**Q** 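Before I ask anything, here is the structure I am working with.
Computed from a predicted structure; not experimentally measured. Naming: A, B, ... by sequence-line order, numbering from 1 per chain.
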Amino acid sequence: MAKKEYSFYPGCSSQKKASADNYLRSTYSMCDALDIKLNEIDDWNCCGASIGYAGGGEVPRIALSARNVALSAQQNPDQDLVATCAACWLSTREAQERIEENDKVREGVNAALDEIGLKIEGEQPKARHMVEALIEDIGFDELASGVQKPLEGIKIAGYVGCQTNRPFGIAGESFENPKYLDHMIESMGAQAVDRYDKKVACCSGALMFSEPEKGHALVKDIIEAAYDGGADMIVTPCPLCQMNVESYQKEINKTFKTKFEMPVVYYSQLISVAYGKSAKESALDGQIIPVKQLEDVTNK
Amino acid sequence: MSEAIATNQTILVVGGGISGLTAALEAAECGKQVVLLEKSPSVGGRVGQLYKYFPKLCIPTCGLEIQYRRLKANRNIRLISMAEVTDIKGEEGNYNISVKVAPRYVNENCTACGECGDAVEAEFDDEHNFGLGKRKGAYLTSRMAYPQRYVLDPRIIGTDDAQKAKDACKYNAVDLEMQEQDMELNVGSVIWATGWKPYDAAKIQPYGYDRFDNVITNVEMERMMDPFGPTGGRIQRPSDGKEPKNIAFIQCAGSRDHNHLKHCSRICCMASLKQTTYVREQFGDEAKSTIYYIDIRAIDRIDDFYQKVKEDENVSFVKSKVANIVDNKDSGNLILNGVDTEGYNRYANEHDLVVLAIGMESNVPAGVFPEGTAINEHNFIDFDPANGGIFGAGCSSDALDVNRATQNATAAALRAIQVVNRVAGQEG
Amino acid sequence: MSNLNQAMIEKYRSSFLNEVEANVEEGHWVKMCMQCGVCSGSCPLGPHWEHPPQELFMMIRANEREAVLKSDSMWMCTSCYNCIARCPRGLPITHIMHGLATYAKRLNLVPKKQPTAEFGQMFWDSLSKNGRVNELKIGVGLYFKDGFAQGVKNAMAGRELGMAMMKTQRMNAMEYFGGHKCKDTSGIQKMLKKAQEFEDQQITRFDGKEG
Amino acid sequence: MSENKTGAYICQGCGLGERLDTSQLVTIATRDGKANVAKEHEFLCSAEGVKMIQDDIDNEGVNKVVIAACSRRAKTDAFRFDDVAMSRANLREGVIWVRPDTDEARETTQEMADDYVRMACAEVKHMKLPESSGEQSLNRHLMVVGGGISGLTSAIEAAKAGYKVDLVEKSGELGGQVGKLYKSVPRKNGLQGYVDSEIGELIEAVNANDNITIHLNTTVAGTEGAPGRFKAELATESGSTSSIEIGAIVQATGFRRYDINQLDNLGGGKSPDVVDQMGFEELAKAANGGTIKRPSDGKEVSNVVFVQCAGQRSNEPGHLNYCSGHCCTTSIKQAMYVRDAGGDATVLFDDLRTPGATGEDFYRAGQEKGVAFSKGKCTSVDTSGDLKVNFKDLILDEDATANADMVVLATGMVPASGPNPYLQLELDEAKNQEGQEEKVVKLEAELAKAPDSILNLSYRQGTDVPHLKNGFTDSHFICFPYETRRTGIYTAGPVRRPMDTSQAIEDATGATMKAIQACENAAQGRAAHPRSGDLSFPSFRKEGCTQCKRCTVECPFGAIDEDEKGYPQYNEARCRRCGTCMGACPVRVISFENYSVETVGQQLKNVDIPDEFDEKPRILVLACENDAYPALDMAGMNREEISPWARIIPVRCLGSVNTIWITDALNSGYDGVMLMGCQKGDNYQCHFVKGSEMAHYRMSKIDDTLKTLNLEKERVQTYEVSIADIQRIPKLINDMDKMIVDEIGMSPFKF
């Protein structure tokens with residue numbers, strides 16, 4: 001497998017001991033197994049996420065992403081800018097689009113960047129989500145070929161969520177029924193839940209913090225549908241989805257009289273485990289709801 | 001034919017649907033020489049697949065029968081079926097047309113007696129029924145097929161079935177050695193009338209045509225109504241064959257949508273209004289139809305049909321583009337989610353069957369026309385001086401209903417006649 | 001900026017649509033809506049919107065300025081992008097909702113105690129201070145946003161989750177006393193300040209027909 | 001005639017040889033059918049089979065051919081012989097395919113075949129090859145009435161094809177309503193917004209074209225003749241007249257503006273600032289790109305509300321119950337005028353109707369320009385002070401009021417057709433009858449309101465082209481939009497149906513196509529659609545004619561006039577060859593060369609009628625050749641079983657069925673008679689418009705005949721069927737069979 005190299009933008013949640021610490025760790029483990037080198041952008045900043053509009057206007061928000069883009073181009077020229085967080089990826093892409101299409105925005109953003117000696121000019125680095133890089137640069141077949149410990153007998157609901165899927169999504173996939181996560185699950189030797197109804201439903205995103213009751217109701221449906229499909233666990237490509245779906249299950253159980261205990265993992269953990277990495281390397285200890293079946297695989 | 005108009009000037013009509021037939025006949029009945037090409041084994045096109053026309057609720061094959069009779073009687077038209085244009089070169093008054101003719105494997109000896117069809121075993125999805133039913137590997141495209149001649153599916157060539165077909169024919173009509181043929185035609189003018197195809201419903205993901213059995217398209221519904229169609233003339237649910245008495249019609253399925261076809265397909269509103277009468281016809285007072293629409297485009301004089309359907313208390317109208325469909329896994333019913341925008345009422349309505357009023361996609365091909373031919377972003381041929389002697393007709397020119405298609409095709413015939421008359425020196 | 005609202009009312013007296021077009025992010029799209037309602041039907045929090053997006057668009061056209069800007073509705077947007085994906089006219093509805101929220105906030109018209117507005121502001125404050133978001137501080141801030149007593153209650157309720165996050169190394173109590181941040185925080189602050197200045201100029205300088 | 005030589009050719013292919021005794025058929029053709037030549041062939045439509053027939057024609061002098069094989073609808077290419085009369089006995093679809101292949105059925109199946117061979121021989125014996133009537137004349141010259149966009153288009157398109165045109169315009173200038181527009185909705189690429197009208201260039205082109213003669217301030221004072229030989233009297237305003245000879249006519253008289261004063265609740269007539277769309281165009285034209293000034297006080301208009309469907313799509317008295325099709329795009333265009341001049345424009349609509357690609361793009365262009373669209377129903381316009389438009393906002397579900405400098409009402413198109421020609425005829429008839437006073441009053445009132453005649457046709461059936469609905473001219477408006485009921489006269493544009501400019505251009509071009517085709521057909525003596533190419537035409541035996549006028553009244557196409565003595569005067573080129581006149585004639589003096597009372601009457605008489613005790617009934621089925629007969633063919637293809645007692649005869653149209661056939665059939669011992677035609681009424685499907693209706697009317701009176709014969713009325717039935725009734729038609733026949741056998745019994749008239 002040829003070594004691949006990307007400019008890496010982990011994002012606020014994927015920092016050490018931040019909420020997606022397990023994503024960060026498993027991503028590095030996965031990339032190690034796949035012989036991918038991640039060059040973290042030095043001094044990257046928050047993308048503003050989807051909730052940034054409540055505090056900042058259009059130009060300030062876009063300037064945030066523009067700074068990351070400019071740093072990436074400066075530090076890792078000719079490398080694609082790869083993000084693991086859906087919101088980071090989306091904000092960056094949107095910012096790039098807006099800068100390209102709207103002269104006024106570009107003018108404002110460059111004026112702001114000028115304050116710190118940066119500038120957006122020429123061709124911008126291509127912002128990609130990690131799964132995009134895996135699918136397009138490596139491919140399912142090759143991903144499958146490196147599997148050492150197939151995740152046999154495990155049934156997984158591939159929860160794509162919103163922002164990895166819309167409005168950009170993965171090339172060739174539909175918005176309503178994207179299949180790539182299912183393919184990825186199957187590549188690792190596990191079984192994907194067929195017709196997982198809530199595959200692209202919203203987990204309430206950032207509103208989980210401000211409107212928890214509304215958020216819990218949405219998450220309840222997402223977990224319920226996974227149980228309906230016979231899933232042993234849910235896998236997701238988004239840190240906010242992971243957090244929202246995994247961590248509120250106790251509260252949801254209280255409110256809705258359910259008995260959920262559905263593990264929610266990252267695709268990077270699946271790959272890491274299937275490629276023979278240890279439970280620790282795969283950050284399985286970062287799960288609030290233990291994911292015993294994956295642990296069992298690591299113990300094989 | 002009168003001596004003043006040259007008869008050695010030929011008009012090429014591409015497409016044997018209602019528009020192509022009309023254009024060819026009008027020109028030929030004016031004494032012009034016409035070559036009519038049809039891609040499929042028989043003429044008739046889309047209208048041959050319809051159960052009834054709006055707004056008169058009359059039978060489309062009735063008009064086709066007249067066109068066929070005119071065609072049979074007219075010696076100015078040379079019909080070539082299974083023929084496709086691959087290239088057009090030249091200019092007004094002098095076009096070189098490259099044509100590919102696919103093998104039918106059945107020659108003109110065929111009497112349409114049906115022995116070969118009985119002998120062959122292999123079955124394939126029936127195109128005439130949009131794959132809802134099966135047909136044999138040796139078949140007549142429909143009871144109205146013209147030319148009334150069988151055709152062998154190329155997939156049976158080289159199999160035992162092909163030989164069986166040949167052996168069954170007493171008239172030496174089955175010719176397994178037939179090959180694809182290339183043909184060059186020199187013509188003065190071209191009328192392009194290749195019509196439309198239903199937009200690929202599976203692409204409209206929120207409606208789950210590829211996921212839910214009981215989401216069908218309106219063209220499939222037309223086939224269901226055919227007493228000899230795949231369901232024997234019964235509206236029924238694909239999932240379980242039950243009678244769907246509570247049917248949802250979703251308008252603009254693939255039309256007026258920048259994700260799909262940007263244009264309005266014009267016919268779908270009237271088609272759904274018409275189909276509510278089918279539901280009535282089959283289920284009487286138990287029939288319930290709901291039309292989810294953005295604007296009801298029952299344009300011009302035929303608005304009275306809309307008024308009439310509106311009076312039916314079992315037909316309701318919801319101004320709403322349905323957001324998505326989920327299925328009730330137990331019943332096979334479908335739940336339509338959306339917002340009735342008239343006064344903001346959120347709904348989750350359950351229906352037995354969903355009919356997508358599917359958009360009309362132009363069949364105008366790429367890479368065939370001379371450079372500079374004015375084909376617009378919707379893939380229709382504009383009426384434009386840049387097109388020289390090439391004229392779009394019917395649904396190659398815009399999304400049209402049958403009336404406007406025949407009207408437009410009649411106009412195209414005159415435009416083509418002007419070209420060949422000019423060539424012949426009879427100018428205005 | 002409190003009189004910005006009054007200034008805008010006067011400037012766009014006749015047409016709120018023009019005002020939105022000029023001042024709201026992606027606001028020029030509002031006129032393109034054809035009232036099909038697919039956005040409203042597609043929203044995951046749809047039932048919680050007093051006025052769903054397509055209705056907001058209609059209200060904008062109907063000059064119902066106050067009702068729109070003071071509405072709680074656009075604050076219900078979860079940024080799921082369903083509406084954008086499905087809109088047959090290609091309206092960037094998510095962004096327009098964000099834009100309306102931003103604009104309402106600048107004009108000081110957001111309903112008091114709107115939780116998402118408050119949360120979003122905390123988020124922004126956090127990131128603009130440090131360049132990166134301090135999850136713990138925002139979390140704690142959120143608990144106490146409605147006062148100390150409510151905060152303690154909230155914190156008790158969330159204690160179990162907090163413990164779990166700590167245990168799985170996904171939260172660090174030390175964050176509260178510093179935590180993740182960029183190196184060049186002053187640069188980022190300068191950049192944001194400049195960006196904000198630029199944006200403010202747009203509103204006061206241009207009448208929307210420009211650019 | 002001694003030269004007549006009949007050849008009967010019996011096919012053994014497609015199972016006919018196995019299922020039928022074809023040698024017996026040969027015998028029958030010779031013995032009963034009196035064929036001079038009768039041959040069998042194992043594969044008649046093969047090259048050899050056809051050659052066998054052609055040889056007999058060429059060498060043996062056979063000039064009447066009987067093909068006893070498949071349906072007349074099949075193998076038409078093979079069985080196409082020039083200069084011979086031909087009849088087809090349908091043994092395949094009509095006999096073996098509708099009968100079970102069983103020993104029990106064999107005898108009755110053979111009897112069917114025997115009869116069909118007898119019938120075909122009898123038919124062909126009485127057929128003549130249609131010959132030219134001598135009426136033909138080639139006149140490549142059109143008259144186009146109306147100088148608006150439709151008429152101008154028609155004129156220029158005809159001229160471009162090499163035809164001469166007389167363009168007649170009532171007013172002093174060309175251009176019509178479109179000429180009054182400031183700008184146009186584009187015919188393509190709707191996203192570009194409104195465009196300059198093409199009408200100026202079109203007028204120039206028409207003016208410059210040598211093939212076109214323009215008559216301004218002129219009306220048509222009289223029109224007589226037929227396609228190929230029309231004569232029109234043109235009268236100018238100054239009183240001078242001239243006469244022109246033309247081959248065909250295009251009537252493109254457009255529309256009239258709906259009277260806005262009828263909409264006083266919407267401010268119509270109550271404020272000069274409430275105008276219709278044409279009124280707004282005039283203001284826009286005057287402003288010429290500047291700000292429009294309102295009529296009341298000249299104030300620059302900065303806020304305009306457009307009210308769609310004003311007085312349209314409504315069943316209220318005085319309103320138009322249709323949609324005029326163009327008004328949505330027209331209002332969008334006019335709202336763009338306002339936006340481009342810096343004003344605000346709101347369109348209040350119910351359903352926004354901008355169909356097709358160009359239409360939808362134009363809607364988007366309007367939105368791009370910032371035109372505000374509101375789904376709302378306008379309830380009233382307050383004209384007491386500043387204009388206020390009160391409406392129900394259907395989206396926000398609230399009553400709302402919009403202030404406006406001006407209000408534009410999108411009122412509809414009223415077709416500028418001539419008077420309904422049948423009103424006067426109806427009135428004349430009512431006057432001649434007792435007890436019709438009320439009707440007379442009503443008709444007179446209606447006639448008083450009728451517009452002036454446009455064509456002043458000298459036709460027996462009135463002065464103008466008949467109407468279909470709401471004053472729009474008649475046409476078979478789905479498959480065959482140009483079939484008016486006056487052959488050679490084609491209507492185009494909004495007189496035919498409401499339409500926009502784009503469509504009017506297409507329509508006028510199409511109508512012109514049909515008009516030049518009518519000229520060419522007339523020159524050849526050929527029928528127009530639907531019996532295109534038919535050379536036969538009706539003639540009558542004068543000595544037998546009683547001048548009863550049934551033929552002149554019943555002809556659906558007004559083809560027959562009366563001479564001064566009251567004899568019918570056929571106008572071959574106007575005739576569509578349906579035979580309704582023949583069906584109407586009580587003394588049976590009307591016939592076509594190849595279709596006559598005899599050709600059908602002899603068929604039914606040559607059916608072998610078994611005597612009463614054989615218990616083999618005979619049912620005569622007269623089936624419309626366009627719908628019922630093809631349906632029967634397809635029933636055969638589907639192997640639907642049909643009673644062996646049925647004998648089916650295709651007829652051109654049910655309108656051509658003469659009651660003598662029914663009487664003859666009953667008298668010769670048929671047990672039942674069935675007539676199968678197309679749907680009649682408002683949604684008629686009869687391709688001869690009135691044929692089926694006339695037949696039903698005539699058959700409603702057959703009961704008297706049955707009574708005199710002392711027969712049950714159930715023995716004669718008339719049905720409306722369609723080409724899709726592939727199962728229903730066999731069932732109807734089989735039900736008749738069952739009824740005869742189980743209920744009413746055999747006819748007493750058997751010998």
**Q** Does C:Glu160, at its CD atom, have more than 12 non-hydrogen atoms belonging to other residues, nucleotides or ligands within less than 6.0 Å?
**A** no

**Q** Quick one: pull up CD in C:Glu25 and CZ in A:Arg98 and give me the separation to the nearest 0.5 Å.
**A** 4.5 Å

**Q** In terms of heavy-atom proximity below 4.5 Å to chain A, should C:Ala117 be classed as side chain, backbone, both, or neither?
**A** backbone

**Q** How close do A:Ser19 and C:Met165 get, counting heavy atoms only, and between which atoms?
**A** CB-CE, 3.8 Å

**Q** Is it the side chain or the backbone of A:Glu246 that comes within 4.5 Å of chain C heavy atoms, both, or neither?
**A** side chain

**Q** Do C:His48 and A:Glu211 have side-chain heavy atoms sitting under 4.5 Å apart?
**A** no

**Q** Nearest 0.5 Å, please: how far is CG in C:Asn82 from CD in A:Glu176?
**A** 6.5 Å

**Q** Can you establish whether the number of heavy atoms outside A:Glu261 located under 6.0 Å from its atom CD is more than 12?
**A** no

**Q** Looking only at heavy atoms and a cut-off of under 4.5 Å, which of C:Ile188, C:Asp125, C:Leu142 has the most pairs with chain A?
**A** C:Ile188

**Q** Could you measure the distance from the CZ atom of A:Phe209 to the CE atom of C:Met122? Nearest 0.5 Å is fine.
**A** 12.0 Å

**Q** Looking at chain A, which one of C:Gln196, C:Lys167, C:Arg170 has the largest number of heavy-atom pairs inside 4.5 Å, strictly under?
**A** C:Arg170

**Q** Which distance, rounded to the nearest 0.5 Å, do you find between the CZ of A:Arg166 and the SG of C:Cys83?
**A** 9.0 Å

**Q** Between A:Pro167 and C:Ile84, which heavy-atom pair has the shortest distance, and what is it?
**A** CB-CG2, 4.0 Å

**Q** Would you say the side chain of A:Asp21 lies within less than 4.5 Å of the side chain of C:Thr168, judging by non-hydrogen atoms?
**A** no

**Q** Evaluate whether atom NZ of A:Lys179 has more than 12 neighbouring non-hydrogen atoms of other residues, nucleotides or ligands under 6.0 angstrom away.
**A** no

**Q** Using heavy-atom distances under 4.5 Å, tell me whether A:Asp43 contacts chain C through its side chain, its backbone, both, or neither.
**A** both

**Q** Return the minimal non-hydrogen interatomic distance between C:Gln121 and A:Ala54, and the atom names on each side.
**A** OE1-O, 3.3 Å

**Q** Heavy-atom pairs under 4.5 Å with chain C are the metric here; pick the option from A:Met243, A:Glu94, A:Arg25, A:Lys16 that has the most.
**A** A:Glu94

**Q** Between C:Thr185, C:Ile138, C:Val133, which has the largest tally of heavy atom pairs under 4.5 Å with chain A?
**A** C:Val133

**Q** What part of A:Phe175 gets within 4.5 angstrom of chain C, counting heavy atoms only: side chain, backbone, both, or neither?
**A** side chain

**Q** Hey, which of A:Gly205, A:Pro60, A:Cys12 has the most heavy atom pairs under 4.5 Å with chain C?
**A** A:Pro60

**Q** Measure A:Gln163 against the heavy atoms of chain C and call it side chain, backbone, both or neither at under 4.5 Å.
**A** side chain

**Q** Report the option among C:Thr94, C:Val110, C:Thr116, C:Leu136 that has the most heavy-atom pairs separated by less than 4.5 Å from atoms of chain A.
**A** C:Thr116

**Q** Within the structure provided, determine whether C:Leu45 and A:Leu218 are in side-chain contact (heavy-atom separation under 4.5 Å).
**A** yes

**Q** Under 4.5 Å from any heavy atom of chain A, what part of C:Glu118 do you find: side chain, backbone, both or neither?
**A** neither

**Q** Can you tell which of A:Leu207, A:Ile116, A:Asp221 has the highest number of heavy-atom pairs within less than 4.5 Å of chain C?
**A** A:Leu207

**Q** Restricting to non-hydrogen atoms, name the atom on A:Ile288 and the atom on C:Ala164 that form the minimum distance, rounded to 0.1 Å.
**A** CG2-CB, 3.8 Å

**Q** What are the two closest heavy atoms between C:Phe119 and A:Ser210, and how far apart are they?
**A** CB-CB, 4.0 Å

**Q** Answer yes or no: are there more than 12 heavy-atom neighbours, outside C:Met166 itself, under 6.0 Å from its atom CE?
**A** yes

**Q** Measure the spacing between CZ of A:Arg67 and SG of C:Cys182 and express it to the nearest 0.5 Å.
**A** 5.0 Å

**Q** A:Glu107 and C:Phe198: side chain to side chain contact (heavy atoms under 4.5 Å, CB included), yes or no, with the steps?
**A** CA-CA 9 Å; A:Glu107 186 192 328; C:Phe198 182 88; 3.5 Å; yes

**Q** Just checking, any donor-acceptor pair under 3.5 angstrom between side chains of C:Arg132 and A:Gln15?
**A** yes

**Q** If you count heavy-atom pairs within less than 4.5 Å of chain C, which of A:Asp285, A:Asn22, A:Asp103 leads?
**A** A:Asn22

**Q** What I'd like to find out is whether the side chain of C:Met191 reaches to under 4.5 Å of the side chain of A:Leu113, using heavy atoms alone.
**A** yes

**Q** Using a cut-off of under 4.5 Å for heavy-atom pairs, which of C:Lys190, C:Met171, C:Lys183 has the most such pairs with chain A?
**A** C:Lys183

**Q** Taking atom CD1 of A:Ile51 and atom CH2 of C:Trp75, what is their separation to the nearest 0.5 Å?
**A** 7.5 Å

**Q** With A:Arg61 as the cation and C:Trp124 as the aromatic partner, state whether NZ or CZ is under 6.0 Å from the six-membered ring centre and within 45° of the axis.
**A** no

**Q** For a quick test of reading the model, state the closest non-hydrogen atom pair linking A:Cys162 to C:Cys80 and the distance between them.
**A** SG-CB, 3.2 Å

**Q** With distance as the sole test, does C:Thr102 use its side chain to make a donor-acceptor pair with the main-chain N or O of A:Gly57 at under 3.5 Å?
**A** no

**Q** At a heavy-atom separation under 4.5 Å, does C:Glu197 approach chain A through its side chain, its backbone, both, or neither?
**A** neither

**Q** Out of C:Gln169, C:Lys194, C:His180, C:His95, which one racks up the most heavy-atom pairs below 4.5 Å with chain A?
**A** C:His180

**Q** Considering only heavy atoms, which portion of A:Asn165 lies under 4.5 Å from any heavy atom of chain C: side chain, backbone, both, or neither?
**A** neither

**Q** Which answer fits A:Leu90, side chain, backbone, both or neither, if we ask what part of it has an atom under 4.5 Å from a heavy atom of chain C?
**A** side chain

**Q** Are any non-hydrogen side-chain atoms of C:Met76 and A:Lys214 less than 4.5 angstrom apart?
**A** yes

**Q** Is there a donor-acceptor pair under 3.5 Å between the side chain of C:Glu199 and the backbone N or O of A:Glu58?
**A** yes

